[in-house]
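The structure appears below as structure tokens.
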Amino acid sequence: MLFSLPLQGQIKTSIERHGFTAFIHLIFGPPKLHKELLPRRDIVFCIAATSFQNENPIHHQVLQAIYRCLTGSKFECQRYGSHWEEIGFQGCDPATDLRGAGMLALLHILYFLRDPKTKELAREIYKLSLHPTQNFPFCVMGINLSRICLQVLREEVFNKECNKHKDVMGTINEVYASLFLYLYNLWKRGKTIADSGFVLQG
């Protein structure tokens, strides 16, 4: 199983607002998420709260699929090693990078690499991430974008789009792809890893 249902009691699905801020949000804020979509929203947060589990074969399959997509390899690689740094993780164990976005981060990367609408863009972004001077850690950047997606979901920014499409995960996937496209267009103008903090806040 990808995530554990008991996590549902631990997830934080919204931003707490009090007093005047709560009133302004009620009057001028985004529409409420349709009731039937609330369980689907909770699933997104449960996946994000699920850490990588070595004993879970599905978790391994997702990680290996990311490696094969980025390297073109037809074979699985070792669970630990410097080969993970080559595709943009920070160290020899990708699981240590997933804090704050959990398995959602890996699923987002895999979606971006495999979806017919985004895989060409993903390939171009990965190529840019290997640039001699403009390089950046592709997978770590993707994890940071997943964290942003979780934040906008908590802040209910895309409730209208979720309601319109009757889909939470699909909408958040679109947001994720849009963020990567925005990052790519910005980075092509000469950004380097030194600009990453500013870019991610922008």
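Not measured: the values here are computed from a predicted model. For reference, positions follow the sequence shown, starting with 1. Only this structure's heavy atoms are used, side chains among them; waters, hydrogens and symmetry mates stay out.
Residues Arg79 and Asp93 meet the side-chain proximity criterion, which asks for heavy atoms closer than 4.5 Å. Between Leu145 and Ile148, some side-chain heavy-atom pair lies under the 4.5 Å cut-off. In this structure, Leu153 and Val168 have side chains that are in contact, with non-hydrogen atoms separated by less than 4.5 Å. Contact annotation: the side chain of Thr96 never approaches that of Phe89 to less than 4.5 Å [non-hydrogen atoms, C-beta and beyond]. Between Lys188 and Asn185 the shortest side-chain heavy-atom distance falls below 4.5 Å. Residues Gln134 and Leu128 meet the side-chain proximity criterion, which asks for heavy atoms closer than 4.5 Å.
Within the 6.0 Å centre-distance limit, the rings of Phe180 and Phe138 are counted as a close aromatic pair. A ring-centre distance under 6.0 Å is found for Phe52 and His60.
In the hydrophobic clustering of this structure, Ile109 groups with Leu121; members are Ile, Leu, Val, Met, Phe, Trp, Tyr whose side-chain heavy atoms approach within less than 4.5 Å, directly or through other members. Transitive grouping of hydrophobic side chains (ILVMFWY, heavy atoms separated by less than 4.5 Å) brings Leu110 and Leu181 into a common cluster.
Thr118 contributes atom OG1, which lies 9.0 Å from atom CG of Asn173 (distance to the nearest 0.5 angstrom). Put simply, CG on Leu70 and CZ on Arg123 are 10.0 Å apart, with the number rounded to the nearest 0.5 Å.
Using a distance-only test at 3.5 Å, with no hydrogens or angles considered, no donor-acceptor pair links the side chain of Asp97 to the main chain of Val140.
Exactly one residue among Glu161, Lys117, Met169 makes a side-chain contact (heavy atoms from CB on, under 4.5 Å) with Glu174. That residue is Lys117. Results of the side-chain contact (heavy atoms from CB on, under 4.5 Å) test with His83 over Cys92, Ser73, Cys77 single out Cys77 as the only residue that passes.
The aromatic rings of His108 and Tyr176 lie parallel to each other, their planes meeting at an angle below 30°, with 60° marking the opposite boundary.
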